[in-house]
Structure formats: C-alpha cells, structure tokens
Amino acid sequence: MSEPVSSRPNILFIMTDEQRYDAVGCYGNAQIQTPNMDALAGDGVRFTHSYCPYAVCTPSRYSILTGLYVHQHRGRTNRSTPSELLETYPKALTRAGYRTKAIGKMHFTPTYLDVGFQRMILAEQHGDGRLEDDYHRELREAGLVDAVDLMDQVPEVRKRAPQEYWDNFGALVSDLPEEWHSTTWIGNRAVQELEGWKRCGSQMTVSFVKPHHPFDPPQAWADLYDPEKIDLLPGWTPESLERDLAFNQGFFPNRNLNAGIMRKITAYYYATISQIDYQIGRMIDVLKRKGIYDNTMIVFTSDHGEFMGFHHMILKNNYYYDPVIRVPLIIKFPHQQYAGTVRDTLVNNVDLAPTMLAQAGVAPSNPMAGFDLTDGTNDRPYIFAEAGQGMMYMARSRTQKLCLTRDPQKRLFTDLERDPLEMENLYNDRDYREAVLEHREAISEWLMFDALTPPCQNRFAPCIRQMCPACPPGECNSTHCQDRLQEMLHWFEEKAEPLLAGK
C-alpha cells in the first residue's frame, strides 16, 4: 500500500525563463545579487552541469512536465500541443491526492491546456495567452498595458516600435508600476497560495516570465546595477562569428551589438533576476514562518539559457553553445538532505519530473526518459538536445560537443577542454575524426533505441456511430457501452468453453 499523501513532502517548483546558468551568485557570478537563490543552494544540491533538451520555451516546458525529450512528446514549437494521453508530473501527483496548482507562465496551446494541475493562474507573454490569461485581464481592468513587453512580443506591434527599443535591444525600464510588473504579480499570488499550505500534500509550480526579453525591470530594480560597472560575461567577442551569422542573424541584429549596449542589457537582465530572487525569498519566508520549510522540496531551474553577449549574440537562436543550453539547477530536498552538496553529473531537465515524483512516492503511469536525481550516482555519458524538425541535434559529453545539422556545411564540433568558449570548429579536423563519429553514433543510439516515441492508446477516442449503435455519437466511453462490450466477451467465453475443455 502506498504512503498516504498526509505524510508526503510538499513540492515547490520554481522556474525562470531564459536564465543563463552563471547568472546566479552561487554559480560564481560576483556581480549579480541573488541572496535567496544562493541560500537555497546552501540548503540543497547545486548542479553545475544541468541542461535543457531544447532551447525554446514551450518544447522545453513540455519536456519538464512529461520527463520526455521533445521528439517523444512532439511539442516542437511555441505553438504546439502534446498528446493529452501523456503522463505529466501534475497528473501523477493529482491522482495520488496532492493539491496541485500552477502560477505564472505556462506557454501552452491552448492557453489553459489541462496537463493535470487542478488550477492554473496564468501570466503569459507570447501568442494568444496574453489575450486570455488572468494577468492581462487584470491589467485591462486596471486600465494598464505592458507596452514594452507588447512591442517586443507581438510582431504587428514590433514593426511600429520606436527607435529607442531598437537602439537598446529591448533593454528599457518597464512602463508598469512595480506592483503590476509580471514578476511581482506572480510572486504575490504564489505567496498567497503558500499561506494556505499545510505540512504535507501540496505541489505548486511557479513560473516567472523573466528574465526573458524584453529586459524591462521596474525603475527601482534597474537602479540596482550601474551598466558602466558591469563586466561582460565570459564569451563576449568584439564582433560576431561569420558561422553564427550564417546560422541565424538574431531576433535583434547581433552584428549591431557593441560593448556599451551589452553592458546595459546585462545590467537590466541582472535586475530582472534580482527582482525574481526577492520574490523567491518571500516564498521561503512563508514556508519557514509556517514551519513547513523543512518538509518542502524546492526545485529551481530555467527552461533554457541566454547568450547574453556570448559570441557577440543575445537571446537564444543559434548553435547550442553552453550559455543557451545550460541552466542553473538547485534542488532542496526535504529536511535539507544533501545540504550544501555540489554535483557535476550531467543532468537534463527531463530528470525533474521523475525526481519530484520519486520524492512524493508516486510512480508515473508511463516510463519517463529522465533519472531520479535523488541518487547522486545517476550520471550519463552524454547530454542530448534537439532543435526543429530534425534541424539540429546536440550530443555533449563532459569535454566535447557535436551540433549535428541537416546542412553538412553548418555542422560544428568543439573541444570544451581546450576551447571552453567554443570558438574553433573541429568538425573536419582529422585529429578529431574518431571523436566526431563517437558523438554521431551516440545521437543515433539515443534516437533509435534510448528515447523512443511512446506508443499511443486511447480507448475513449471518438468513434463513428455505425460501430457503436447503442451509444450517442462521440460517447462510446459511456458505462453502457463498456458494459455491452463485457457482455459480448462473456458470451464468447461461454461458447468457446467446450472447445477449450477439449469436448
């Protein structure tokens, strides 16, 4: 018999959007102010080599939900819908009796897609979500509009954006009062939900819109960092690499970046992260005040990274260099088990669902591709990621990386030990021929054998009426229909019994 929910830990899953792995103090960044994330790492496990399986918001989020790689759940774009038959961690936890809730940015199509949460309070950014969600409805009721975000995220509006937006690459102070900024709005609702938590049996996913572009902190947070004193992050180059420009010109023209504007972008990016850190601190304070912090599992990560100047680029559209595919991951296990531990195992965001379910003592209804990270020995020789419909596959070992593209002229292989900033393409280098083949073989094994697309079975799929005359159209899952099928099975068994008995 499984353990009752009343004795299982609470689970708080916190996710940011587009946060580079080293944009947290405890990852060695001396300039960013993230005291609450850093303290959380002190009470938990900090993973130094955590990666996402797809550097685009929605596909990566579906992988976190399902514990599957993107080609397995098939939600490949920001406007995609995986099969409703797939297992997810909120479905499994809800079935087990957990109270489940999601607050913030989900990025689903449709906006309120049922993935298992009992309730979702949404603050979206892209597509139809901003027309349908709770956050923008309340903004409209208050007579407010998130104008900077609107001009960045809606193509029809972006075409008419003022020159200031283009000159600053979307790094502008928010036009909203701080209490209406999405980060504050999400934080307020998360804190309110936590106030109602008891010692056990609750799960909440809190997903912040930021630090995703545009880089628009409220004025008070923008003032926290002086752009002139900001150091550019490792990997900044004075100009773009021609191979990167050939791969993707950028959401903003990467070629037009300069060091001065990059410092401002970085300062505003840090500001949005510090604002999130403050909200995380508020959540932790509630848990501690209520005496339930010890029995709460807290997971913190991001859906993908951000170039933030790497190779003279910003945002995420290019090769899968580490800053865009590598993310921070901190897990505080219940009762601070493994507190202060640093692990360098290769982990993937597909590991998060199985890890949360394992802590809850819940088995998924279908196998998941990820590992349970409770076990510190769970490691893998390669991290895999993908982009588009077979556009690019990545295999990253501990010391080398292959970005395998459809176009042979754009394939990239880097030696991360010798060249950590991934400047030199060794794909055609004779000395690395064997290593390239090993990584290609690893991708083939992964796709063909290790991460297969799950089979699909739906007994309640719509049927044409002729096949089921006893039921109304589209209702072949009715009790009457199922009873009728069982009656027929019994009839067949009775008729067959003499034959089975050898009479």
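Values below: all heavy atoms of this structure, side chains included; hydrogens, waters and symmetry mates excluded.
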Look only at the side chain of Arg263 and the backbone of Ile230, and say whether a donor-acceptor pair between them is shorter than 3.5 Å. yes

Quick one: does any side-chain atom of Thr183 pair with a main-chain N or O of Gln275 as donor and acceptor, under 3.5 Å? no

Looking at Lys332 and Asp43, is there a salt bridge between them, counting it only when a charged N and a carboxylate O are closer than 4.0 Å? no

Step through it carefully: locate the ring centre of Phe384, locate the ring centre of Tyr69, and say whether they are under 6.0 Å apart. no

Quick one: closest heavy-atom pair of Met37 and Cys26, and the distance? O-SG, 4.4 Å

Do Thr66 and Thr88 pass the side-chain hydrogen bond (donor to acceptor under 3.5 Å, both in side chains) test, and can you show the C-alpha distance, the side-chain angles, and the key distance before you say yes or no? CA-CA 4 Å; Thr66 62; Thr88 66; over 6 Å; no

Determine whether Thr48 and Arg343 make a side-chain contact, defined as any pair of heavy atoms from C-beta on separated by less than 4.5 Å. no

Please check if the side chain of Asp351 supplies one atom and the backbone of Asp372 the other of a donor-acceptor pair under 3.5 Å. no

NZ/NE/NH1/NH2 to OD/OE distance under 4.0 Å, Arg119 and Glu193: no

Using every non-hydrogen atom in the two residues, find where Asn317 and Phe307 come nearest and quote the distance to one decimal. N-CE1, 4.0 Å

Any luck finding a side-chain donor-acceptor pair between Tyr270 and Asn29 under 3.5 Å? yes

Any donor-acceptor pair under 3.5 Å linking the side-chain atoms of Arg189 with those of Gln192? no

Just checking, Arg396 and Tyr382: is the charged tip under 6.0 Å from the six-membered ring centre and within 45° of the axis? no

Under 3.5 Å side-chain donor-acceptor pair for Asp344 and His49: no

Does a side chain donor of either Thr345 or Asp379 reach within less than 3.5 Å of an acceptor in the other side chain? no

Donor-acceptor contact below 3.5 Å, side chain Thr34 vs main chain Gly25: yes

Derivation and outcome, side-chain hydrogen bond (donor to acceptor under 3.5 Å, both in side chains), residues Gln33 and Ser274: CA-CA 6 Å; Gln33 298 179 38; Ser274 291; 5.7 Å; no

Quick check against the 3.5 Å criterion: does Arg199 have a side-chain atom that pairs as donor or acceptor with the backbone of Ile292? no

I'd like to know if the side chain of His213 pairs up with that of Asp152 as donor and acceptor (distance under 3.5 Å, no hydrogens or angles considered). yes

Are the side chains of Asn10 and Tyr98 in touch, meaning some heavy atoms are under 4.5 Å apart? no

Looking only at heavy atoms, which two atoms of Gln72 and Ala369 are closest? And how far apart? OE1-CB, 3.6 Å

Is any side-chain heavy atom of Leu93 closer than 4.5 Å to one of Pro90? no

Would you say that Thr205 contacts Met120 through its side chain, given a criterion of any heavy-atom pair below 4.5 Å between the two side chains? no

Do the charged groups of Asp294 and Lys288 touch, with an N to O distance under 4.0 Å? no

Does some side-chain heavy atom of Met262 sit less than 4.5 Å from a side-chain heavy atom of His312? no

Between Ser60 (side chain only) and Cys57 (backbone N and O only), is there a donor and an acceptor less than 3.5 Å apart? no

Check against side-chain hydrogen bond (donor to acceptor under 3.5 Å, both in side chains), Tyr27 and Asp38: CA-CA 9 Å; Tyr27 278 84; Asp38 301 343; over 6 Å; no

Would the number of heavy atoms belonging to other residues, nucleotides or ligands and lying under 6.0 Å from CD of Glu434 be above 12? no

Full working for ring-ring contact (aromatic ring centres under 6.0 Å, His included) between His304 and Tyr54: CA-CA 7 Å; His304 56 79; Tyr54 200 110; 9.7 Å; no

Any luck finding a side-chain donor-acceptor pair between Gln359 and Thr374 under 3.5 Å? yes

Between Phe300 and Phe13, does a ring-ring contact (aromatic ring centres under 6.0 Å, His included) hold up when you go through it step by step? CA-CA 6 Å; Phe300 169 78; Phe13 176 39; 9.2 Å; no

Does the ring centre of Tyr21 sit less than 6.0 Å away from the ring centre of Tyr51? no

Take Lys101 and Ile121, measure what side-chain contact (heavy atoms from CB on, under 4.5 Å) needs, and give me the verdict at the end. CA-CA 8 Å; Lys101 196 168 194 175; Ile121 302 174; 3.6 Å; yes

Keeping Thr272 on the side-chain end and Lys210 on the backbone end, is there a donor-acceptor pair under 3.5 Å? no

Strictly by modelled atom types, are Gln125 and Lys105 linked by a side-chain donor-acceptor pair under 3.5 Å? yes

Ring centroid separation Trp446 to His71 under 6.0 Å: yes

Determine, stepwise, if the pair Asp149 / Arg130 fulfils salt bridge (charged side-chain N to carboxylate O under 4.0 Å, His left out). CA-CA 10 Å; Asp149 196 82; Arg130 71 185 305 125; 3.0 Å; yes

Kindly indicate whether a cation-pi arrangement holds for Lys316 with Phe251, taking the cut-offs as under 6.0 Å to the six-membered ring centre and within 45° of the axis. no

side-chain hydrogen bond (donor to acceptor under 3.5 Å, both in side chains) for Arg99 and Ser202? Distances and angles first, verdict last. CA-CA 5 Å; Arg99 299 174 295 277; Ser202 292; 2.8 Å; yes

Stepwise salt bridge (charged side-chain N to carboxylate O under 4.0 Å, His left out) test for Asp17 and Arg61: CA-CA 10 Å; Asp17 192 319; Arg61 289 161 184 267; 2.9 Å; yes

Going by atom types only, do Gln203 and Thr100 share a side-chain donor-acceptor pair under 3.5 Å? no

Would the distance check show the side chain of His73 and the main-chain N or O of Gly75 forming a donor-acceptor pair, the cut-off being under 3.5 Å? yes

Closest non-hydrogen contact found for Val115 with Lys91 is O-CG, 3.3 Å

Donor-acceptor check, side chain of Thr341 to backbone of Val45, threshold 3.5 angstrom: yes or no? no

Residue pair Phe310 / Leu233, side-chain heavy-atom distance below 4.5 Å: no

cation_pi(Arg433, Tyr427) dist<6.0 Å, angle<=45: no

Salt bridge present between Asp419 and Lys401 (N-O < 4.0 angstrom): no

Within the side chain of Tyr319, is there an N or O that forms a donor-acceptor pair under 3.5 Å with the backbone of Lys410? yes

With a 4.5 Å limit on heavy-atom distance, are the side chains of Asn349 and Ser63 in contact? no

Identify the heavy atoms of Glu424 and Thr414 that sit nearest to each other, and give their distance. O-CG2, 3.6 Å

In the structure I gave you, are the side-chain heavy atoms of Arg46 and Leu329 within less than 4.5 Å of one another anywhere? no

Strictly below 4.0 Å, N to O, side chains only: are Glu445 and Arg440 in salt-bridge contact? no

Quick check: closest heavy atoms across Glu18 and Tyr269, and the distance to 0.1 Å? O-OH, 2.7 Å

Where do Glu386 and Arg76 land on the salt bridge (charged side-chain N to carboxylate O under 4.0 Å, His left out) test, with the steps shown first? CA-CA 9 Å; Glu386 55 197 298; Arg76 293 181 179 276; 3.7 Å; yes

